[in-house]
Structures are given as C-alpha cells and as structure tokens.
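Heads up, the thing below is written out as structure tokens.
For clarity, every value in this text was computed on a predicted model and none was experimentally measured.
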Amino acid sequence: QVQLVESGGGLVQAGGSLRLSCAASGLTFSSLAMAWFHQTSGKGREFVAGISWSGGNTYYADSVKGRFTITRDKAKNTVYMQMNSLKPADTAGYYCAERNRNGVSTKQYEYGGWGQGTQVTVSS
C-alpha cells in the first residue's frame, strides 16, 4: 500500500517561493504517475501539476505554468513542487497523489493514493 507524506507548506508573502515535498513509500512499478492537487474551502480538489514516474513527463494547470515546477527523485521516492511567484490565489491545501495507471490525469478520482496535505498560505 502506498503511503504519501507531504511537507514544505507554510505562510509566504506574495511573490515568494515554497518547495513542497511528497515522500512516498510502497511505490512499485505500477505507480506510473504522481500529481499535486490543491483544495480550498468549499471546493473539490483541482489538478495543479503531474509527472510520469518513469519518463518524467510533466503537465501543469494553466494557472501555474511558468511559475511551478514538478520533479521527482526516483532514488528517494520523492516528488517535489517548486512554487515561485506565489499569489494569494494559490492559497490552498496541497495534496500529493499517486496513480497506478499509465499517464498523468487531471481528474482526482483517477488517483488511488493520497497524502494528508500541507497548507500553503500566500499573504498580499
């Protein structure tokens, strides 16, 4: 069973940066994609960025293209998301997710493993 633990959230001023980490255990060859979603109060989880575990292909929501970068370290079983030029609209809980199907999906129901989340708050 895959376990995901996020870290790196916090309070930052607009224009600042944070790096989120997602440490995974229990990954197997069938863990083919990892992603970050965010969620604000009263809304469902929305796709932010994803990466294919083997090839490292990356995908981003339009709202974060050019500002966020997702990477993975296969040796450490860890996925990172570097968040630059943060905006108050980026304030949310951020969740790491694992998908055991081929390819990154933007749909949360296609991910089976989830972490408990880390809060990112951007002040204006």
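The disulfide bond (SG atoms under 2.5 Å apart) pairs that include a residue from residues 57-91 number zero, where partners must be two or more places apart or lie in different chains. Residue pairs meeting the salt bridge (charged side-chain N to carboxylate O under 4.0 Å, His left out) criterion with at least one partner in residues 114-124, sequence neighbours excluded, do not occur; the list is empty. Under the salt bridge (charged side-chain N to carboxylate O under 4.0 Å, His left out) criterion, the residue pairs touching residues 56-73 are D62-K65, R67-D90, with sequence neighbours excluded. Every pair passing ring pair (Phe, Tyr, Trp, His ring centres under 6.0 Å) that includes a residue from residues 78-104 is listed here, sequence neighbours excluded: H38-Y94. Evaluation of the disulfide bond (SG atoms under 2.5 Å apart) test over residues 90-124, restricted to residues two or more places apart or in two chains, returns C22-C96. Among residues at least two apart or in separate chains, there is no disulfide bond (SG atoms under 2.5 Å apart) pair with a member in residues 57-86. Judged as a side-chain hydrogen bond (donor to acceptor under 3.5 Å, both in side chains), the pairs with a partner in residues 4-25 (not counting sequence neighbours) are, in order, S17-N84. Pairs engaging residues 111-124 under the salt bridge (charged side-chain N to carboxylate O under 4.0 Å, His left out) rule: none recorded [sequence neighbours left out].
For the atom pair CD1 of I51 and CG of N57, the computed distance is 8.0 Å after rounding to the nearest 0.5 Å. In this structure, OG1 on T91 lies 8.5 Å from CG on L11, to the nearest 0.5 angstrom. The distance from atom CZ of F47 to atom CD of Q108, rounded to the nearest 0.5 Å, is 12.5 Å.
Legend: residues meeting side-chain hydrogen bond (donor to acceptor under 3.5 Å, both in side chains) with Q39, ordered by chain and number and at least two apart, are R45. Annotation: side-chain contact (heavy atoms from CB on, under 4.5 Å) contacts of K43 (sequence neighbours excluded): T40.
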Review item, side-chain donor-acceptor pairs of residues 111-123, under 3.5 Å, at least two apart:
unit_1	atom_1	unit_2	atom_2	d
Y111	OH	S105	N	3.0
Y111	OH	S105	O	2.6
W114	NE1	Y111	O	3.2
T118	OG1	G9	N	3.1
Q119	NE2	A92	O	3.4

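Scanning all heavy atoms of the two residues, the minimum distance from W53 to V79 falls at CZ3-CG2, 3.6 Å. Closest approach of E98 to L4, counting heavy atoms only: N-CD1, 3.9 Å.
Remark: side-chain polar atoms of Y60 are paired, donor with acceptor, to backbone N or O of I70 under 3.5 angstrom.
The shortest side-chain heavy-atom distance between F68 and W36 does not fall under the 4.5 Å cut-off. Using a 4.5 Å heavy-atom threshold, the side chains of M83 and V12 count as separate.
Under the 4.5 Å side-chain heavy-atom criterion for Ile, Leu, Val, Met, Phe, Trp and Tyr, V104 and M34 are members of distinct hydrophobic clusters. Under the 4.5 Å side-chain heavy-atom criterion for ILVMFWY residues, a single connected hydrophobic cluster contains both F37 and Y59.
The residue from L86, V48, T69 that alone fulfils the side-chain contact (heavy atoms from CB on, under 4.5 Å) condition with V64 is V48.
Summarising the hydrophobic clusters (Ile, Leu, Val, Met, Phe, Trp, Tyr; side-chain heavy atoms under 4.5 Å, direct or chained), the residues clustered with V5 are none.
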